[in-house]
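Can you read through this structure? Questions will come right after.
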There are 2 protein chains.
Amino acid sequence: MNIGQAAKASGVSAKMIRYYETIELIAPVHRTEAGYRIYDDQDVHALRFISRARDLGFSVDQMRELLALWRDRDRASADVKAIALSHVEMLEEKARALQQMSATLKHLAANCHGDGRPDCPIIEDFANIQPPMAKSTRKPRFGAAVLAPAKSG
Amino acid sequence: MNIGQAAKASGVSAKMIRYYETIELIAPVHRTEAGYRIYDDQDVHALRFISRARDLGFSVDQMRELLALWRDRDRASADVKAIALSHVEMLEEKARALQQMSATLKHLAANCHGDGRPDCPIIEDFANIQPPMAKSTRKPRFGAAVLAPAKSG
DNA sequence: GCTTGACCTTACAACGGTGGGAAGCTCCAT
DNA sequence: ATGGAGCTTCCCACCGTTGTAAGGTCAAGC
């Protein structure tokens, strides 16, 4: 099976399959004499595993752990559960943070006339806030990395 | 006021202030003869505006719009409100997606013994799912970009 | 056998936003 | 005059993914 077919069968783009190989998330596969990568069902199986984990928001590093556990027949399910649950916490914290931002913005928007008048509490809030806390005590900021439009799929 | 003082007063790091200048999010400021950037209260005001908008998850491009509206005294508050509300929708969609992931994972974890036995529905789910949909119909994936740990302060 | 087009290969750059560091200059206090 | 803190520019790294360029290969049709 060529990389293109493996990509279709697994849901991971050929581009990303090669990338995952270079960062050693997956092992190099066999090649034809011409240098084409060849994938068998087991390889595709692992790629589907990766696709699913990415869909659930696991980072590449976390996938490394999960793949190791998957391949280890003697792993304790407790190990897997621990990773999953800590990931759940992270997901929920991010979700809460996004909702907090949303609530703040909604509150500001609710007090905005939304007509032609220039008075706007949103702008005023942005412009008139107190100086931020000192760096060491500020909360982490969820910026564009968190909010960037998801492009792949 | 030097860049360092402006950074402290605004909550935007000196590094990022320079970066925002290069991408023309903010205009170049005056310099001393030696080339040091000088910031006045108005500049710091704008930087605080930016800091606040970043905290609320606005992208640099969105900040460009907001800053333009802020500087335009005749802007309609409706414009600002529209940007804010569309941003609210985006935030909520992201939050929902994260919660969906979390729910799926929790469901899987709930059915995992979490003991020494190797059987684990989490891993099994990852390994045995159906082949993903064709590329064109797949949902956007919220990957590491969305979930990356927030590092800045 | 030759052409065409789809597919493969590698290598490099870009995105967004931020941090890190080097090499050199300037300012201020001692 | 010297030291150190702070400034300058410049380049590099991260993450995950996509795009593109320049070339090799395969299979089909003529």
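All chains are named by letter (A, B, ...) in the order of the sequence lines, taking the proteins before the strands, and each is independently numbered beginning at 1. Scope of the values below: all heavy atoms of this structure, side chains included, with no hydrogens, waters or symmetry mates.
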- Item | Spacing of A/Lys8 atom NZ and A/Ser13 atom OG [to the nearest 0.5 Å] |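 Between atom NZ of A/Lys8 and atom OG of A/Ser13 there are 13.0 Å.
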- A/Met16 CE - D/dT18 P separation (whole Å):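 Interatomic distance, CE of A/Met16 to P of D/dT18: 7 Å.
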- Query: With sequence neighbours left out, what residues match B/Lys15 under side-chain hydrogen bond (donor to acceptor under 3.5 Å, both in side chains)?
  - Reply: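 B/Lys15 satisfies side-chain hydrogen bond (donor to acceptor under 3.5 Å, both in side chains) with no residue once adjacent residues are dropped.
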- Round to a whole Å and report the spacing from CG of A/Asp61 to P of D/dC14. 12 Å
- Where the side chain of A/Arg18 is concerned, which of C/dT10, D/dT17, C/dG17 is the nearest nucleotide? C/dT10
- Distance test, side-chain N/O of A/Arg31 to OP1/OP2 of C/dC8, below 4.0 Å: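 No, A/Arg31 has no side-chain N/O under 4.0 Å of OP1/OP2 on C/dC8.
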- Within this structure, what is the CD1-to-P distance between A/Ile17 and D/dT17, rounded to whole angstrom?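 The answer, rounded to whole Å, is 12 Å.
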- Establish whether A/Ile17 and A/Leu25 are linked, either directly or via other cluster members, by ILVMFWY side-chain heavy-atom contacts under 4.5 Å.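 Yes, because A/Ile17 and A/Leu25 connect within a single hydrophobic cluster, where side-chain heavy atoms sit under 4.5 Å apart.
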- Closer than 4.0 Å, any side-chain N/O of A/Arg37 to the OP1 or OP2 of C/dT10?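 For C/dT10, OP1 or OP2 has a side-chain N or O of A/Arg37 closer than 4.0 Å.
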- Message: Do B/Leu105 and A/Phe58 make a side-chain contact, defined as non-hydrogen atoms from C-beta onward lying under 4.5 Å apart?
- Response: yes
- Going 5' to 3' along nucleotides 21-30 of chain C, which nucleotides have protein heavy atoms under 4.0 Å from the base (write B), which only from the sugar-phosphate (write S), and which from neither (write -)? B----BS---
- In whole angstroms, the gap separating C1' of D/dA5 from CD1 of B/Ile3 amounts to 15 Å
- Message: How many whole angstroms separate atom CD1 of A/Ile50 from atom C1' of D/dT17?
- Response: 15 Å
- Could you please spell out the steps behind the salt bridge (charged side-chain N to carboxylate O under 4.0 Å, His left out) verdict for A/Asp55 and A/Arg52? CA-CA 5 Å; A/Asp55 278 343; A/Arg52 173 69 164 162; 5.7 Å; no
- Sort and list the pairs that fulfil salt bridge (charged side-chain N to carboxylate O under 4.0 Å, His left out) and have at least one residue in residues 18-29 of chain A, not counting sequence neighbours.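 Those involving residues 18-29 of chain A are A/Glu21-A/Arg31, A/Glu21-A/Arg37.
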- Message: Using the salt bridge (charged side-chain N to carboxylate O under 4.0 Å, His left out) criterion, which residues pair with A/Arg96? Sequence neighbours excluded.
- Response: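 Expected list: none.
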- Tell me which nucleotide among C/dT9, C/dG17, D/dG16 gets nearest to the side chain of A/Val60.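 That would be D/dG16.
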- Between D/dC7, C/dT18, C/dT9, which one does the side chain of B/Tyr20 approach most closely?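 Closest nucleotide to the B/Tyr20 side chain: C/dT18.
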- Provide, to the nearest angstrom, the distance between the CG atom belonging to B/Asn2 and the C1' atom belonging to D/dT8.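 Rounded to the whole Å, the gap is 12 Å.
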- When you check the phosphate oxygens OP1 and OP2 of C/dG19, does a side-chain N or O of B/Ser13 lie under 4.0 Å from one of them?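 Yes, because at least one side-chain N or O of B/Ser13 sits under 4.0 Å from OP1 or OP2 of C/dG19.
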- Work out how much the helix from C/dG1-D/dC30 to C/dT30-D/dA1 bends between its end axes, five pairs an end, to the nearest 10 degrees. 30°
- Message: Taking side-chain hydrogen bond (donor to acceptor under 3.5 Å, both in side chains) as the definition, give me every residue that meets it alongside A/Gln99, ordered by chain and number, with sequence neighbours left out.
- Response: none
- Message: Between the side chains of B/Glu92 and A/Lys106, is the shortest nitrogen-to-carboxylate-oxygen separation below 4.0 Å, so that they form an ion pair?
- Response: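 Yes.
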- Rounded distance (Å) that lies between atom P of C/dT18 and atom CE of B/Met63: 7 Å
- Task: For B/Gln62 and C/dG16, give me the distance from atom CD to atom C1', rounded to whole Å.
- Result: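 Atom-to-atom, B/Gln62 to C/dG16, this comes out as 13 Å.
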